[in-house]
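Only a predicted model underlies this, so the values are computations on that prediction, with no experimental measurement involved.
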Amino acid sequence: MKKSTAGILAALMLMVMVLADPAMAGTRDDCITKCKEAGEFIKKQGINAAVKEIGDKKGRFVWNDGVSYVFLMDMKARMLAHPHKPELTKPDTLIEATDVDGKAFFVDFVKAAKKGKGWTKYTWQVPGMEINKPKHTFIYRVPDTDYFVGAGFYVMSPGVFY
């Protein structure tokens with residue numbers, strides 16, 4: 001009986017891993033794709049048009065029912081556009097700001113941007129919900145500029161990404 005239960009549990013865990021991995025891969029790919037599209041938009045349309053478009057919560061850089069979005073910053077950790085938290089554009093820098101766990105994650109954003117791109121992890125409020133969840137964010141520096149964009153996904157529970 002115990003072997004049978006262990007076998008069933010092992011099969012269920014394998015199924016969860018197989019089903020979760022493509023969802024995460026798609027989510028990761030979506031973030032990368034949207035960041036690169038935003039980078040191209042900045043290069044072609046200019047920073048002023050990008051600030052307006054990226055800051056629009058109904059714009060082309062918000063998807064997944066508004067939960068996923070691109071934001072725009074500069075290398076001094078100044079938020080230039082955020083579709084859900086426009087108040088983040090008020091400070092001259094966010095370099096010392098922290099998440100609910102005390103992590104100064106904007107430092108990680110700038111470090112990733114200095115490398116050209118990279119993934120970061122921190123805790124952030126899920127748009128439209130009053131909950132904080134772990135968030136994985138892709139940072140992409142717009143080539144030949146002092147700007148970078150980011151987009152991420154939330155880990156709602158093990159194997160569930162949003």
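In this structure a side-chain-to-backbone donor-acceptor pair under 3.5 Å is missing from Lys34 to Trp63. Here the side chain of His84 pairs a donor or acceptor atom with the backbone of Gly66 at under 3.5 angstrom. When atom types are taken as modelled, the side chain of Asp56 and the backbone of Lys58 share a donor-acceptor pair closer than 3.5 angstrom. Between the side chain of Glu96 and the main chain of Ala104, no donor-acceptor pair closer than 3.5 Å is present. At least one donor-acceptor pair under 3.5 Å links the side chain of Arg141 to the backbone N or O of Thr145. Panel note: side chain Asp99, backbone Asp101; a donor-acceptor pair is recorded below 3.5 Å. Judged purely by atom type and a 3.5 angstrom limit, Lys133 uses its side chain to pair as donor or acceptor with the backbone of Met156. Looking at Lys43, its side chain does come within 3.5 Å of a backbone N or O of Pro143 through a donor-acceptor pair. Side-chain atoms of Ser68 never come within 3.5 Å of backbone atoms of Asn64 as a donor-acceptor pair (strictly under, hydrogens ignored). For the pair Asp74 (side chain) and Lys76 (backbone), a donor-acceptor distance under 3.5 Å is present.
Taken to the nearest 0.5 Å, the CE atom of Met79 stands 8.5 Å off from the OG1 atom of Thr89. Note that CE of Met73 and OH of Tyr147 are 13.0 Å apart. Values are rounded to the nearest 0.5 Å. Note that CG of Asn48 and NZ of Lys52 are 10.5 Å apart. Values are rounded to the nearest 0.5 Å. Here the CG atom belonging to Leu80 is positioned 4.5 Å from the CG atom belonging to Leu72, to the nearest 0.5 angstrom. Taken from CD in Glu37 to CG in Asp30, the straight-line distance is 9.5 Å, to the nearest 0.5 Å. Here Glu53 contributes atom CD and Ile42 contributes atom CD1; the two are 11.0 Å apart, rounded to the nearest 0.5 Å.
Counting heavy atoms from C-beta on, the side chains of Val126 and Asn132 never come closer than 4.5 Å. In this structure the side chain of Trp124 reaches within 4.5 angstrom of the side chain of Lys85, judged on heavy atoms. Between Cys31 and Trp119, some side-chain heavy-atom pair lies under the 4.5 Å cut-off.
For the pair Ala151 and Cys35, the tightest heavy-atom approach, listed with the atom from each and the gap, is N-SG, 3.5 Å. When all heavy atoms are compared, the tightest approach of Val110 to Met75 is CG1-O, 3.8 Å. Between Thr120 and Ile139, the shortest heavy-atom distance links the atoms CG2-CG1, 4.3 Å. Scanning both residues, Tyr154 and Gln125, for their nearest heavy atoms gives OH-O, 3.0 Å. Residues Lys57 and Pro83 approach most closely at CB-O, 3.4 Å, considering heavy atoms. Looking at every heavy atom in both residues, Pro127 comes nearest to Tyr69 through CG-CE2, 3.7 Å.
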Trace of the salt bridge (Lys or Arg N to Asp or Glu O under 4.0 Å) decision for Asp108 with Lys121: CA-CA 9 Å; Asp108 294 339; Lys121 184 180 175 188; over 6 Å; no

Discussion item. Between Phe148 and Lys117, does the side-chain contact (heavy atoms from CB on, under 4.5 Å) criterion hold? Intermediate values first, please.
Written reply: CA-CA 9 Å; Phe148 65 89; Lys117 63 183 176 182; over 6 Å; no

query: What's the verdict on side-chain contact (heavy atoms from CB on, under 4.5 Å) for Phe153 and Lys135, showing C-alpha distance, side-chain angles and the deciding distance?
result: CA-CA 6 Å; Phe153 61 90; Lys135 186 175 184 182; over 6 Å; no

request  = I would like to know whether Ile54 and Val149 meet side-chain contact (heavy atoms from CB on, under 4.5 Å); could you show each step before the answer?
outcome  = CA-CA 9 Å; Ile54 292 170; Val149 291; 4.3 Å; yes

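Under the 30°/60° scheme for interplanar angles, the aromatic rings of Phe138 and Tyr140 are found to lie parallel.
Between Tyr122 and His136, the distance from one ring center to the other does not fall under 6.0 angstrom. In this structure, Phe109 has its ring center under 6.0 Å from that of Phe71.
Linking ILVMFWY side-chain heavy atoms closer than 4.5 Å, directly or via other members, places Val100 and Ile131 in two distinct hydrophobic clusters.
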